[in-house]
A.B. asks: 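Quick one: this structure, given as structure tokens, is what I'll be asking you about.
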Amino acid sequence: MWGGFLEGEAVFFWCWLVLSASDFFFFLQQKGGVSHRRLLRKGGLSTFAPVKGNNKEKEDEEMENRMFCYQCQETAGNKGCTLKGVCGKDFTTANLMDLLIFNLKGIAIITTAARKAGVALDYRTADKTIMESLFATITNANFDYSSIAKRVTHTFNLKKQLREEALSLGVALPDNEAVTMQGTPEEYDQLALGVGILREQNEDARSLKELTIYGLKGLAAYAEHADRLGYNDDEINAFTERALCDVTMGLLSVDELTALVLETGAFGVKVMALLDKANTETYGHPEITEVNIGVGTRPGILISGHDLKDMEMLLEQTEGTGVDVYTHGEMLPANYYPKFKKYKHFVGNYGNAWWQQREEFETFNGPILFTTNCIVPPKANASYKDRVFTTNSTGYPGFKYIEGDEQGNKDFSEVIALAKTCQPPTEIEHGTIVGGFAHHQVLSIADKVVEAVKSGAIRKFIVMSGCDGRQSGRSYYTDFAKALPQDTVILTSGCAKYRYNKLPLGNIGGIPRVLDAGQCNDSYSLAVIALKLKEVMGLDDINKLPIVYNIAWYEQKAVIVLLGLLSLGVKNIHLGPTLPAFLSPNVAKVLVDNFGIAGIGTVEEDIQNLIA
């Protein structure tokens with residue numbers, strides 16, 4: 001309903017951003033940063049310099065440089081993981097993901113050139129490959145080297161096929177290594193060393209390129225979910241191809257890379273709108289719901305991740321089997337959808353955010369199904385290791401993978417059979433939590449909300465969407481929620497909610513002080529709500545609303561949400577618990593100085609700055 005309104009806001013702000021980009025980033029061109037890491041050009045590839053001799057310092061450097069990844073909030077020292085991922089990913093798998101991304105860039109260069117030439121290629125296969133493979137490289141999605149290797153093989157083959165076909169049809173293709181590189185499985189590890197993040201030596205260009213790629217990873221996750229429900233937008237697909245092409249060809253100035261980052265945010269809004277449409281037209285608009293957090297007396301299956309299509313299939317196949325179904329982590333919002341409420345064996349939600357799974361999976365007792373991230377590598381002595389299944393873009397060594405057929409249908413009979421042999425879940429808490437405050441529900445009471453604001457009953461809304469994580473400093477968000485004045489309301493989505501959604505924060509005139517819109521992609525709902533309130537209140541700027549932003553991030557879906565908010569004109573966003581390591585000092589300074597992006601301080605300082 002509000003899609004056109006959102007697009008209008010985005011276009012207005014986009015025009016302003018393009019006009020301002022040159023002024024904002026002029027000084028970046030004067031300060032081309034060069035990586036401090038030692039690189040060597042070898043065989044046309046940028047690779048880590050080999051260490052020779054017995055020099056201890058050089059040996060240590062080689063050990064530290066086995067990989068480089070800084071895409072998540074928990075990256076080592078807030079600088080980058082170089083030996084093993086803090087997430088638990090080993091360096092060979094991390095490097096192989098770099099090779100997978102490099103192949104996707106080559107595919108995108110070919111399809112972008114073909115689209116410009118008006119030539120028909122198999123764009124459908126190319127786009128599905130790009131979206132699913134980008135999704136597989138999101139933090140905590142896939143730890144399985146063999147799974148990623150299969151994707152690399154597929155992308156090499158697809159790239160070769162597309163290249164040959166494009167050339168035969170007269171498409172002029174650039175002589176770019178991402179397009180021409182081929183390799184065998186025996187060569188993958190060596191090839192991967194030359195195509196990683198540090199291939200781009202200019203620190204600021206690297207920062208902007210990676211910011212775009214991480215945004216595209218989040219966009220791809222949402223596009224993949226929508227596609228599984230039969231919703232696809234070729235404009236989004238073509239943009240993703242073009243963006244991957246642009247960050248690879250090396251032809252864009254820093255100004256143009258900046259514009260690309262912000263355009264990625266605008267397409268992030270489009271893909272979140274598409275997924276919102278897919279979810280609500282398929283399963284109904286989320287309803288305000290009291291969700292049971294206790295347990296039943298029958299064996300259960302715990303479904304984690306984000307994929308509602310898998311949720312639907314699991315509920316259908318478990319009906320009448322004597323096996324119950326529980327959600328975990330970001331699957332909690334499945335409880336809000338009307339279509340799922342008809343299943344009597346859908347008991348409720350078990351546990352908390354993703355990072356507590358090692359303890360909660362032990363006590364659940366039954367099988368666990370990962371539909372997407374976030375997987376935490378189990379301890380060596382974990383009793384649940386043989387009870388975990390993965391599907392879609394996820395994978396972990398030793399976990400059984402469930403493949404779908406050509407239509408995406410899956411057979412969960414093995415999961416169900418295992419569940420029947422297990423004990424019922426052990427109760428770890430009881431009671432209910434309330435959610436389901438997506439845009440359809442909130443806009444239905446917009447007059448009541450506006451009246452509460454005008455009367456002073458509600459002084460401020462605080463958007464606290466985003467991700468939860470393991471760092472002890474994230475207790476800040478619990479303390480912040482507790483310290484908020486009683487005339488404030490939290491708007492949330494994503495797993496960040498678990499830091500405060502079980503606190504007794506009360507309500508204001510019947511409006512709960514925590515309004516949970518749903519999964520991380522349902523940040524779109526909060527944008528729709530904000531823009532509608534702006535219209536109803538007769539304001540000319542979204543930043544004049546009594547709304548402030550204190551967002552927690554962890555992985556790349558949070559990146560596309562952040563870029564989406566920027567594309568809609570939202571300023572003065574507080575982002576924590578740390579600013580991303582992939583922001584170079586110059587890029588971070590521009591975001592802080594010109595968009596008001598800020599880190600978090602103490603609870604007391606931030607309450608004073610945001611609320612007072």
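Along the sequence shown, residues are numbered consecutively beginning with 1.
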A.B. asks: Got a sec: does the CG of Asp447 have more than 12 other heavy atoms crowding it under 6.0 Å?
C.D. replies: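 Check fails, neighbour count at 12 or below.
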A.B. asks: Which distance, rounded to the nearest 0.5 Å, do you find between the CG of Asp227 and the CG of Asp127?
C.D. replies: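 One gets 9.5 Å once the value is rounded to the nearest 0.5 Å.
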A.B. asks: Which residue is it: Arg228, Lys342, Lys339? I am looking for the one with a salt bridge (charged side-chain N to carboxylate O under 4.0 Å, His left out) to Glu312.
C.D. replies: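 The residue from Arg228, Lys342, Lys339 that satisfies salt bridge (charged side-chain N to carboxylate O under 4.0 Å, His left out) with Glu312 turns out to be Lys339.
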A.B. asks: Are Lys270 and Asp233 ion-paired here, with the side-chain N under 4.0 Å from a carboxylate O?
C.D. replies: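 Answer for the salt bridge query: no.
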A.B. asks: Gln71 side chain to Ile213 main-chain N or O, any donor-acceptor pair under 3.5 Å?
C.D. replies: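 Flag not set: sc Gln71 to bb Ile213 has no pair under 3.5 Å.
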A.B. asks: Test your reading of the model: is there a side-chain donor-acceptor pair from Thr318 to the backbone of Val323, 3.5 Å cut-off?
C.D. replies: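 No, Thr318 side chain to Val323 backbone: no donor-acceptor pair under 3.5 Å.
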A.B. asks: Set out, in order, the CA-CA distance, both residues' side-chain angles and the distance that settles salt bridge (Lys or Arg N to Asp or Glu O under 4.0 Å) for Lys532 and Glu535, then state yes or no.
C.D. replies: CA-CA 5 Å; Lys532 182 59 179 177; Glu535 177 190 3; 3.2 Å; yes
A.B. asks: Kindly check if the number of other-residue, nucleotide or ligand heavy atoms within 6.0 Å of NZ (Lys277) is above 12?
C.D. replies: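 No, NZ of Lys277 has 12 or fewer neighbouring heavy atoms, counting only those of other groups under 6.0 Å.
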A.B. asks: By the salt bridge (Lys or Arg N to Asp or Glu O under 4.0 Å) test, which pairs, at least two apart or in different chains, include something from residues 498-527?
C.D. replies: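 Every pair satisfying salt bridge (Lys or Arg N to Asp or Glu O under 4.0 Å) with a residue in residues 498-527: Glu429-Lys502, Asp468-Arg499, Lys497-Asp516.
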A.B. asks: Side-chain contact test, heavy atoms from C-beta onward, threshold under 4.5 Å: evaluate it for Pro367 versus Phe389 and give yes or no.
C.D. replies: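 Side chain of Pro367 against side chain of Phe389, heavy atoms only: contact under 4.5 Å found.
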A.B. asks: Tell me if the NZ atom of Lys400 is crowded by more than 12 foreign heavy atoms within 6.0 Å.
C.D. replies: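 No, not enclosed.
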A.B. asks: According to salt bridge (Lys or Arg N to Asp or Glu O under 4.0 Å), who are the partners of Asp411, at least two apart in sequence or on a separate chain?
C.D. replies: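 Salt bridge (Lys or Arg N to Asp or Glu O under 4.0 Å) check on Asp411 returns nothing, list empty.
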A.B. asks: Rounded to the nearest 0.5 Å, what separates atom CD1 in Ile508 from atom OG in Ser455?
C.D. replies: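 Answer for the CD1-OG pair, Ile508 versus Ser455, is 9.5 Å.
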A.B. asks: Taking Ile138's backbone N and O only, do any of them form a donor-acceptor pair with Glu555's side chain (distance below 3.5 Å, no angle check)?
C.D. replies: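 Such a contact is absent between Glu555 side chain and Ile138 backbone.
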A.B. asks: Using a 3.5 Å distance criterion without hydrogens, assess whether the side chain of Ser133 forms a donor-acceptor pair with backbone atoms of Ile130.
C.D. replies: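 It does not hold such a pair.
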A.B. asks: Give a yes or no answer on whether the side chain of Thr478 reaches the backbone of Tyr500 with a donor-acceptor pair at less than 3.5 Å.
C.D. replies: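 Looks like no, no N/O pair under 3.5 Å.
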A.B. asks: Verify salt bridge (Lys or Arg N to Asp or Glu O under 4.0 Å) between Lys448 and Glu451, making sure each step is shown before the conclusion.
C.D. replies: CA-CA 5 Å; Lys448 184 177 181 180; Glu451 180 56 36; over 6 Å; no
